[in-house]
Engineer: 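My structure is below; once you've seen it, I'll send some questions.
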Amino acid sequence: MLWLSTNNRILFLFFAGLLLGGTSIAPAAAFDFFGLFGSDDAPPPPSPSALPYSLDFVVAGEDKDLRQVLKDASTLQSLQGDPPPDAPALVSRAEADLPRLIDALWGAGFYNARVTINVAGAPLQIQAQRSNAAIQAADVYRARALVPIEVQVDPGHLFALRDVAVVDAGTNRPFPPSELPPRVVKIEPGDPARSADILAAEARIVDHFRTQSRPFAKVQDREPVVFHPAQAMDIGLKVDPGPRAGIGPITVQGLENVDPAVVRSFIYTEPGDPYSPAALASMRKSILQIEALSSVRIREAETLDAYGNLPLFVDITERQPRVIGASVQYSTTDGPAVRAYWAHRNLFGGAERLRFEGNLFYLTEDGGEPDRDEDPSWEDLGGRFRASFLKPALGGTRNDLLVDGLVERDRTEGYTSRLVNGTAVIRHRFSETFSIQGGIEIERGQTSDILGQIDYRLVGVPVSLSYDSTDNPLNPTEGMRLIASVTPYPEFLGSSVPITVARGTASAYFSLDEEARYVLAGRIGLGSIVGADLEDIPANRRFFAGGGGSVRGFGYRTLSPTFLGEPIGGRSLLEASVEARIKITDTIGIVPFVDAGTAFASSYPDFDEDIRVSAGLGLRYYTGIGPIRLDIATPLTREQGDRSFAIYVGIGQAF
């Protein structure tokens, strides 16, 4: 997460990841920002060695959508930037386009369409080609000008469906609505006779039966009959639902260095469970949680076994085991910072992950670059070193061991801290969506703020649960996430400050349309500390709100009760966010959002503190790995000292 503010913050981020075993450097290419500034398929200038051409589509009725369909189907269009060497090759390219364009028009429901391609004024049609005339006309333009090509299309009338019959291939009888609901078929008499709509209906029908545990469902026969005088089509589909089946034996293949027992512990489907595509998708998603694996493909057998179950084959590709990365950052509010990490993702052959990460950054009391009038001091440096180890599938079970160690020296606007922390927990996975974990945590540290200095020791028993039914970790469009934790630090275990810390975060995602172009997202976060007075709790353990992962638009960890104008943190926390994620194109989206929250002095939100509210607008650029996020937020309940707006950049949605 990168955070920029209004006081001329300058931020530079450099990140390089190297997989041991080799690197590759991509060739330089022109950068087309979000695809908004054209493409590289424009024709080159005329030359003696090639015959470039201009291209125009003229569609009767000025149907822009149909014009785009034709351009997408045309090789003249797609290869315009790669001109043929001579006139015969150019005419051959145009002739090859004629059946493609007719097919595209039929697919759009225009079965009386006519297409003429004029090459330098010489017409080409499917049943009346004049290749020689077109070659002679085109050759005149060599090394002089672009050959003018015009695609003239008369689509005629749009045909409509007259009769739609979906029958069982075995009995030749229509399916009853209870077995095949009309909402699945969707197409009906009167609808446009588009082949794309018919194919989509076939896919929905097959998917419907596959969700009913019928893996071999298929459309056995398609019988379209076009009536040109009536401008209509009758369509008959013979569907073979296939037998019902369960999931059979699961064979794991492709592993070279990872223990197959680890992979099997992440497969929650058992032989004999009902077959469904959703079960296979969940299986793939859960296996990919293993960091040592790169890809997972699940293949289905072509026949059922003797028990009527469908055998499955899980093909796996492993990752390079080692990874190293680094980043450098500078800003006029926080000064310089560097970060580096190293990780091994299969340390002992059981997908064990060992990771070391170090951060070094400049510390000031209230942010800002180093004072030029003072000599640099080691006291102005902060750092964070973390080591973590994960051992999945202990003994082939669904239990994982997680061990973390942290050494840190930090300073925020409200406090400074030094600490050493160690945590060891066992996590049990009930399914790919639900897990719980518990263990022990030990921390020794020192904090100081406007309330004073605290030297403390905490020994606790952290317990947490996690539920995640979302469809995508970086860009969820449906489902929900829930993370809840409680950690008592009792005196009898050795804690110098007996407290209990509880925290929970829940988020939900709802798509308003089938293509998930309009998604509503909401998040709420709560926190509470009981067992000690506010001034006795270490400052770094108190709750603060504000910043990119909290209430955007406000400074990081600045929203809380204050003393003499300084944030001191609270014993409870309330945060909430609402976003509307709207895709404008397949790759560009906007996200209006509202955030609210603060910390409270009491152990439970009593609303003695004013809830701080911000609003903003985000830009999303959707890539194959996730959306690139740019958010601009401004405080709506601005107070003295608050910045007018802040900018946040990252990968993935805000929550």
Engineer: Looking at F655, is R581 sitting on its ring face, NZ or CZ under 6.0 Å from the six-membered ring centre and within 45 degrees of the normal?
Structural biologist: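 Yes; both conditions hold, so R581 lies above the ring face of F655.
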Engineer: H428 vs F430 aromatic rings, parallel, tilted or perpendicular, using cut-offs 30° and 60°?
Structural biologist: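 Ring orientation of H428 relative to F430: perpendicular.
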Engineer: Would you say the ring centroid of F544 lies under 6.0 angstrom from that of Y415?
Structural biologist: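 Ring centroids of F544 and Y415 are less than 6.0 Å from each other.
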Engineer: With a 4.5 Å heavy-atom cut-off, do L465 and L482 have their side chains touching?
Structural biologist: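 They are in side-chain contact.
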Engineer: Of T598, T634, T637, D595, which is the lone residue that meets side-chain contact (heavy atoms from CB on, under 4.5 Å) with F554?
Structural biologist: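 The passing option is T637.
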Engineer: For a ring pair (Phe, Tyr, Trp, His ring centres under 6.0 Å) check, start with the C-alpha distance between F510 and Y518, then their side-chain angles and the critical distance, and finish with the verdict.
Structural biologist: CA-CA 9 Å; F510 179 71; Y518 304 91; over 10 Å; no
Engineer: Would you kindly say whether T447 and S417 are connected by a side-chain donor-acceptor distance under 3.5 Å?
Structural biologist: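 Absent: no donor and acceptor within the cut-off.
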Engineer: Please determine whether salt bridge (charged side-chain N to carboxylate O under 4.0 Å, His left out) holds for the pair R629 and D631, giving the CA-CA distance in whole Å, both sets of side-chain angles, and the decisive distance to 0.1 Å.
Structural biologist: CA-CA 6 Å; R629 179 178 76 256; D631 288 338; 3.6 Å; yes
Engineer: Going by an N to O cut-off under 4.0 Å, is there a salt bridge joining D404 and R355?
Structural biologist: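 No, this pair does not count.
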Engineer: Are L564 and I450 side-chain neighbours, meaning at least one heavy-atom pair lies under 4.5 Å?
Structural biologist: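 The answer is yes; the side chains approach within 4.5 Å.
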Engineer: Compute both the distance and the angle, then confirm whether R444 meets the cation-pi test with Y456: under 6.0 Å from the six-membered ring centre, within 45 degrees of the axis.
Structural biologist: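 No, R444 and Y456 do not form such a contact.
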Engineer: State the CD-CD1 distance between Q437 and I426, to the nearest 0.5 angstrom.
Structural biologist: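 Here the rounded value is 9.5 Å.
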Engineer: Do NZ/NE/NH1/NH2 and the carboxylate oxygens of K285 and E432 come within less than 4.0 Å?
Structural biologist: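 So K285 does not pair with E432 through a salt bridge.
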Engineer: Using 30° and 60° as the class boundaries, would you call the ring planes of F600 and F607 parallel, tilted or perpendicular?
Structural biologist: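 Plane angle over 60°, so perpendicular.
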Engineer: With respect to L255, which candidate in L293, D315, V262 satisfies the side-chain contact (heavy atoms from CB on, under 4.5 Å) definition?
Structural biologist: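 Of L293, D315, V262, side-chain contact (heavy atoms from CB on, under 4.5 Å) with L255 is met by L293 alone.
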Engineer: Can you tell me which residue among R418, R457, R541 is in a salt bridge (Lys or Arg N to Asp or Glu O under 4.0 Å) with E443?
Structural biologist: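 Single pass found, and it is R541.
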Engineer: Return yes if some donor-acceptor pair links the side-chain N/O of D259 with the main-chain N/O of G350 below 3.5 Å, else return no.
Structural biologist: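 Pair absent, no side-chain N/O of D259 close to backbone of G350.
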Engineer: If we only count heavy atoms from C-beta on, is the W342 to V323 side-chain gap below 4.5 Å?
Structural biologist: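 Of all side-chain heavy-atom pairs linking V323 with W342, none is under 4.5 Å.
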Engineer: Can you find a pair of side-chain heavy atoms, one from R542 and one from R571, that are under 4.5 Å apart?
Structural biologist: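 No, too far: nothing below the 4.5 Å cut-off.
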Engineer: Please determine which of R339, R384, R386 meets the salt bridge (Lys or Arg N to Asp or Glu O under 4.0 Å) test together with E357.
Structural biologist: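 Testing each of R339, R384, R386 against E357, the sole residue satisfying salt bridge (Lys or Arg N to Asp or Glu O under 4.0 Å) is R339.
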Engineer: Report the residue from N399, D400, T397 that forms a side-chain hydrogen bond (donor to acceptor under 3.5 Å, both in side chains) with R429.
Structural biologist: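 With R429 as partner, N399, D400, T397 yield a single side-chain hydrogen bond (donor to acceptor under 3.5 Å, both in side chains), made by D400.
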Engineer: Ignoring hydrogens and angles, tell me if any N or O in the side chain of Q446 forms a donor-acceptor pair with the backbone of I454 under 3.5 Å.
Structural biologist: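 Judged by distance alone, no pair lies under 3.5 Å.
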